[in-house]
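Written below as structure tokens is the structure these notes are about.
Just so we're on the same page: letters track the sequence lines, and every chain starts at 1. Values below: every heavy atom of this structure, side chains too, minus hydrogens, waters and symmetry copies. Quantities reported herein were computed from a predicted structural model and do not represent experimental measurements.
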Amino acid sequence: MHSDAFDRYHHHDSALHRLDPRIKVVVAIAFILSNALLPDGAWMAFGLAWLFLILANALSDLGLGYTFRRSFIALPFALVAITVLFSVPGKPLSQFHFMMWDFTVTDAGLLRFISIVIRSWLSVQMAILLVAVTRFPDLIHAFEHLRVPAILTTIIAFLYRYLFVLTDEVMRLLRARQSRSAAAAGQRSGGGVLWRARVAGNMSGQLFLRSYERSDRIYNAMLARGYDGQLLTLNPHELHARDWAYALAAFLFILATQFVGWF
Amino acid sequence: MPITHPIHKMVFPESEGDVLKVRDLHFSYPDGHVALRGISLNLCSGDKVALVGPNGAGKSTLMLHLNGILEGRGEIELRGLRLSRNNLPVIRSMVGLVFQNPDDQLFSPTVFEDVAFGPLHMGLPEADVRARVTSALEAVRMSAFKDRLSHHLSVGEKKRIAIATVLSMNPSVLVLDEPSAGLDPRARRSLINLLRELPITMLVSTHDMRLVQELFPRTVVMDDGQIVADGLTRDILEDEELLTAHGLEKP
Amino acid sequence: MPITHPIHKMVFPESEGDVLKVRDLHFSYPDGHVALRGISLNLCSGDKVALVGPNGAGKSTLMLHLNGILEGRGEIELRGLRLSRNNLPVIRSMVGLVFQNPDDQLFSPTVFEDVAFGPLHMGLPEADVRARVTSALEAVRMSAFKDRLSHHLSVGEKKRIAIATVLSMNPSVLVLDEPSAGLDPRARRSLINLLRELPITMLVSTHDMRLVQELFPRTVVMDDGQIVADGLTRDILEDEELLTAHGLEKP
Amino acid sequence: MLYSPIQPMHIPDNFLSITVSLICWAITIITLGVAISRTNKSLGERQVPLMGVMAAFIFAAQMINFPVLGGTSGHLLGGVLAAIALGPWAGMLVMTAVIAVQGLLFQDGGLIVMGANILNMGLLTCAVGYGLYRSVIGSNRTVKLAVIGVAAWLSVMAGALSTALQIWLSGNAQLQVIVPAMLFFHAFIGFGEALITVAAVLFIIRTRPDLLGEGTESAQGGRGWILTGVLLTLIVVLLSPFASTNPDGLNRVATDLGFIQSAQTASGPLAGYTVPFLESVSASKIVAGVIGIIVVLAIVFITGRSMQNKRGLNTQSNNIQATRPPIENRKP
Ligand SMILES: Nc1ncnc2c1ncn2[C@@H]1O[C@H](COP(=O)(O)OP(=O)(O)OP(=O)(O)O)[C@@H](O)[C@H]1O
Ligand SMILES: Nc1ncnc2c1ncn2[C@@H]1O[C@H](COP(=O)(O)OP(=O)(O)OP(=O)(O)O)[C@@H](O)[C@H]1O
Ligand SMILES: [Mg+2]
Ligand SMILES: [Mg+2]
């Protein structure tokens, strides 16, 4: 209902929005893969990849800053890569001691670290752009066409649909708990960790039962409309010449990036 | 406890013939709970019938039998076709069952896919499916919502779409389980108008006695797995003794 | 659209003094939707006030402010204590908030555990907790249900237990969000009797205009994040223009 | 609080080398292929809405947190709960859907490394959890709950260990640093997971004991699961201290397999993905990538095909004929 925050899709009518979802998925994955294949320190290629991203952004009608702003949410993950600084052999830049280990920051390590952060930043922005210009149901159709097993795409379609129903339910449960999390005046409140964990577990169990029973009712509703073990959908997507043209252009660009990166 | 005698066969002016016949239906849940104890019921073409009764009377259980989701002892006939395992798919296309909670009914990501689900499973060709979806959405006045995502709709809108999902199967009978629950007065009013307009036989379970009074010429009262009264709504609503005996109230 | 002027201060015969004061409360949801646009409201001790209005008027949003689950711009005072971050736990013990769906409120396996949650969280000694649970269950007439599993109760029973879960915290004000939704007539009647008996200040949001008429001397009408009328129920229910303007109906 | 809870185990793109990512994808795809055919056999047509809603449940349940210490909070990851309640194979599919949506919709974990994420957080957790649970199915409630608690803790540790190993194999961290760091951190997360899982299972036992019967009765390969569970447990218990105190042994193995270049010289920065028999580092990297992609595509294609053929037949459709073509063939 109100969990709109879950929907990353932005409604516009741009060239990118109208592009066939299959093309969008394949190009996005190719772009991310291409980033992963670029060597460390291929600054020119990184620049080209960034240009690709900016062009795609321009086609999307979202405003140039959109993916850039959103990507900061994913950036804290980059800290995980900090270990790279010390693990790649090379010329030592600085050294320190922590607990029982000696750490040496090397030039190669630094290069790798910066490269990883840039590459993963590029990749995250592409993923953000993909879901911002493709409605999730279309994305699911695209994966269906790309031969992801139907049962998985169906589970994902259900997950997407009931995500909103169940997260609303969780929000209400959390609010109910919150509103009874009181204290008598001047008293310490909250109970022990074990008790709190138990309450959280009870809430999960409660939610589990309700989800389970809901799935029963959904199954009934499906039976009532003729379900017999197969899910059928009409698929409204068709590949036009325009889609192929975009795909071709994108692949040429990505190939060029690889070329620049390696030679 | 004085109980009006069930009237097993009532012919209303607009009736053309029997659409639905239920004869002596018994059912127990796997845990042993007896939910239906000999239900007999006839519905004629064009009938709009209310099904009332306290919580746990067995209304929902009865409705789940009408298109073979539950299987009890007894006979069910739809347009002369006896319900059995072999003709379940045909029966299911004839009985349009709408559940209380539209979130249970709308399980596809988009409105279009949901309304198309029934016709697709009937094996219709694509053009027919599209035509049916369009006309079903028109019938509930929601044509503009075709490409919307189900989870962004309001309860009243969801309710209408849920009705469209079964209308698209061109059912002979529409069976609605508590359609007005949880609607605000405005949405409720618009649902009443919709149900009044739909030219289709319907059986509607509800706790909303004012809805019964406004919309349904005939009422069936259930309690404890049995039909305890079946007759003209105005007669039943006048029978205070009957109403209080079965946990109901005059509107 | 002619709108009755909000009456900001009404003293009813049984009033003893202010329990709850809300002054110029504004609130927008994170997505930018403005839900409250300057709400001012006083509740006196012993008041039983109905809060009505169409879907989306902001009733639930207002209620969530009263014990600090949402935090808007404006002032809220409970028994003279100004609501702020520091005294949230104390405020929460003074405002008993009961949600529309009892399933949201009952998250423990047994009735006892659920009713004990509030007192336990307040850090009371075991004997006190037990005493409070017992008296809360007595107040809603459900003492016999202490060891039952919440999951298997009927909706009406769940509703009573949900009320008990906040009564056990000895609140100064009881805030109920659509308590009669989804109840059958019998359960609804028994809820009405229960609310009538409880000697406690209460603010109740509902779409059930007959409940309003029967139970509440005072009614507050909300629409679009504002209070558009506040006065004696009998006056408001007579004002057809006001009612239709805000999607309500005369009972 | 309208976000999916961020989990430290979700690896973003480019944190693993291409080779490691693709190997993980291969393992994941093969396992999922088995899982799909098994769930088709055991659950029948009812599986679709059940698993779909359960996936949404896991997603939503991850939002239920409880304050632990100093402002941190614990919440459910859900692998063990899913495996216990739905059986191991269905549990894996459900967890896969959850991780896929977290990666796709929320960029919580990358796309190329999604295979690794599914392996760590979905497949391993379900395998460990169900394996240990399966071994105590007949026992009394206390034993069961205790084992479930241990299984939940171990499942998190197994996921953490495998994440650590993947990062190390990618040449992005030193074994003696990454293993203890990941395990130390996740020991606490695992503790929260154990508490919530036990409480949730206890809740289900008290209210609907019949539900827990269902997933477990389908115990195909029951003994196999016990073996898997015990084996994985042993690996976690034995490998963790070994990896953190004596990394040289593992390094040797990895070097021999061609994962890690032992050379400390100029080719250092390119350690990671090489085909050992190729001389030119850069060329070998490209070849490795291409081979990996081809392998993955082939596997995806084959499993997709075989699933498609099986689907219509395996669904238990006692009263309806299932002759219609599955989704893929009904494109306009
Ligand atoms: N799955 C089930 N297993 C066992 N008993 C059940 C099940 N579903 C319903 N019942 C029982 O069967 C009886 C009839 O239930 P049913 O849901 O048909 O009542 P209802 O008339 O629809 O009530 P309501 O007005 O509350 O919807 C009740 O006593 C109920 O407890
Ligand atoms: N979490 C949320 N995020 C954004 N908007 C919200 C959220 N919750 C409610 N709203 C919006 O705020 C407005 C007030 O909602 P609220 O739930 O308070 O209405 P209400 O009067 O309780 O309605 P109802 O009678 O349907 O319960 C509505 O327009 C609603 O769409
Ligand atoms: Mg019912
Ligand atoms: Mg509300």
Side-chain angles (χ1 to χ4, degrees), chain A residues 1-9 11 13 17 21 134-144 153-169 210-238, chain B residues 60 63-64 66-70 88-127 129-130 133 146-155 158 162 165-166 168-169 171 175 177:
Chain A
M1 261 198 309
H2 295 303
S3 309
D4 292 6
F6 281 129
D7 244 347
R8 308 304 211 216
Y9 176 71
H11 189 78
D13 194 26
H17 283 78
T134 320
R135 297 196 319 163
F136 201 75
D138 294 336
L139 219 50
I140 297 173
H141 288 160
F143 283 111
E144 244 159 42
T153 55
T154 315
I155 296 180
I156 291 177
F158 269 99
L159 163 55
Y160 175 71
R161 170 67 182 91
Y162 287 100
L163 181 64
F164 301 90
V165 178
L166 294 190
T167 46
D168 268 0
E169 219 160 286
R210 277 197 254 159
S211 313
Y212 196 97
E213 281 162 9
R214 181 183 291 277
S215 82
D216 263 337
R217 296 195 301 269
I218 295 167
Y219 179 57
N220 281 342
M222 291 170 74
L223 281 184
R225 286 196 271 152
Y227 174 70
D228 58 2
Q230 312 235 353
L231 274 173
L232 311 173
T233 48
L234 279 179
N235 237 318
H237 304 296
E238 259 177 274
Chain B
S60 304
M63 292 183 155
L64 288 176
L66 298 185
N67 68 359
I69 287 173
L70 295 178
L88 265 188
V90 183
I91 295 279
R92 285 191 180 148
S93 73
M94 288 163 68
V95 182
L97 194 51
V98 181
F99 293 80
Q100 171 172 354
N101 188 342
D103 273 327
D104 298 335
Q105 185 107 10
L106 306 180
F107 43 77
S108 312
T110 67
V111 168
F112 175 84
E113 280 172 88
D114 242 325
V115 182
F117 185 95
L120 269 177
H121 278 81
M122 292 163 69
L124 298 181
E126 196 192 320
V129 173
R130 288 189 188 279
V133 171
K146 196 156 130 179
D147 295 318
R148 292 278 291 274
L149 301 177
S150 311
H151 57 257
H152 285 321
L153 306 177
S154 79
V155 197
K158 279 187 188 165
T165 62
V166 304
S168 66
M169 298 166 74
V175 179
D177 203 351

Inset, instruction - Tell me, out of Val98(B), Val175(B), Thr165(B), who's got the most heavy-atom pairs with chain A below 4.5 Å. - result: Thr165(B)

Inset, instruction - Check Asp104(B) against Ala221(A) and note the closest heavy-atom contact, atom names and distance. - result: O-CB, 3.6 Å

Inset, instruction - Please state whether the side chain, the backbone, both or neither of Tyr162(A) comes within less than 4.5 Å of a heavy atom of chain B. - result: side chain

Legend entry - Region of Ile91(B) that comes under 4.5 Å of a non-hydrogen atom in chain A: neither

Inset, instruction - Could you give me the CA-CA distance, side-chain angles and deciding distance for Phe164(A) and Asp103(B), then say whether side-chain contact (heavy atoms from CB on, under 4.5 Å) is met? - result: CA-CA 10 Å; Phe164(A) 301 90; Asp103(B) 273 327; over 6 Å; no

Inset, instruction - Evaluate side-chain contact (heavy atoms from CB on, under 4.5 Å) for Arg217(A) paired with Phe99(B), printing each intermediate quantity in order. - result: CA-CA 8 Å; Arg217(A) 296 195 301 269; Phe99(B) 293 80; 5.6 Å; no

Inset, instruction - Mind ranking Pro109(B), Ser154(B), Pro119(B) by heavy-atom pairs under 4.5 Å with chain A and telling me who comes out on top? - result: Pro109(B)

Inset, instruction - Give, as side chain, backbone, both or neither, the part of Val129(B) having an atom under 4.5 angstrom from any heavy atom of chain A. - result: side chain

Legend entry - Gln105(B) backbone acceptor or donor facing Arg225(A) side chain under 3.5 Å: yes

Legend entry - Atom of Glu113(B), atom of Pro137(A) and distance for their closest heavy-atom approach: OE2-CB, 4.3 Å

Inset, instruction - Please report the shortest heavy-atom distance between Leu223(A) and Arg92(B), naming the atom on each side. - result: O-CD, 2.9 Å

Legend entry - Atom group of Asp177(B) that falls short of 4.5 Å from chain A, counting heavy atoms: neither

Inset, instruction - For residues Arg161(A) and His151(B), report the shortest heavy-atom separation together with the two atoms involved. - result: NH1-CB, 3.8 Å

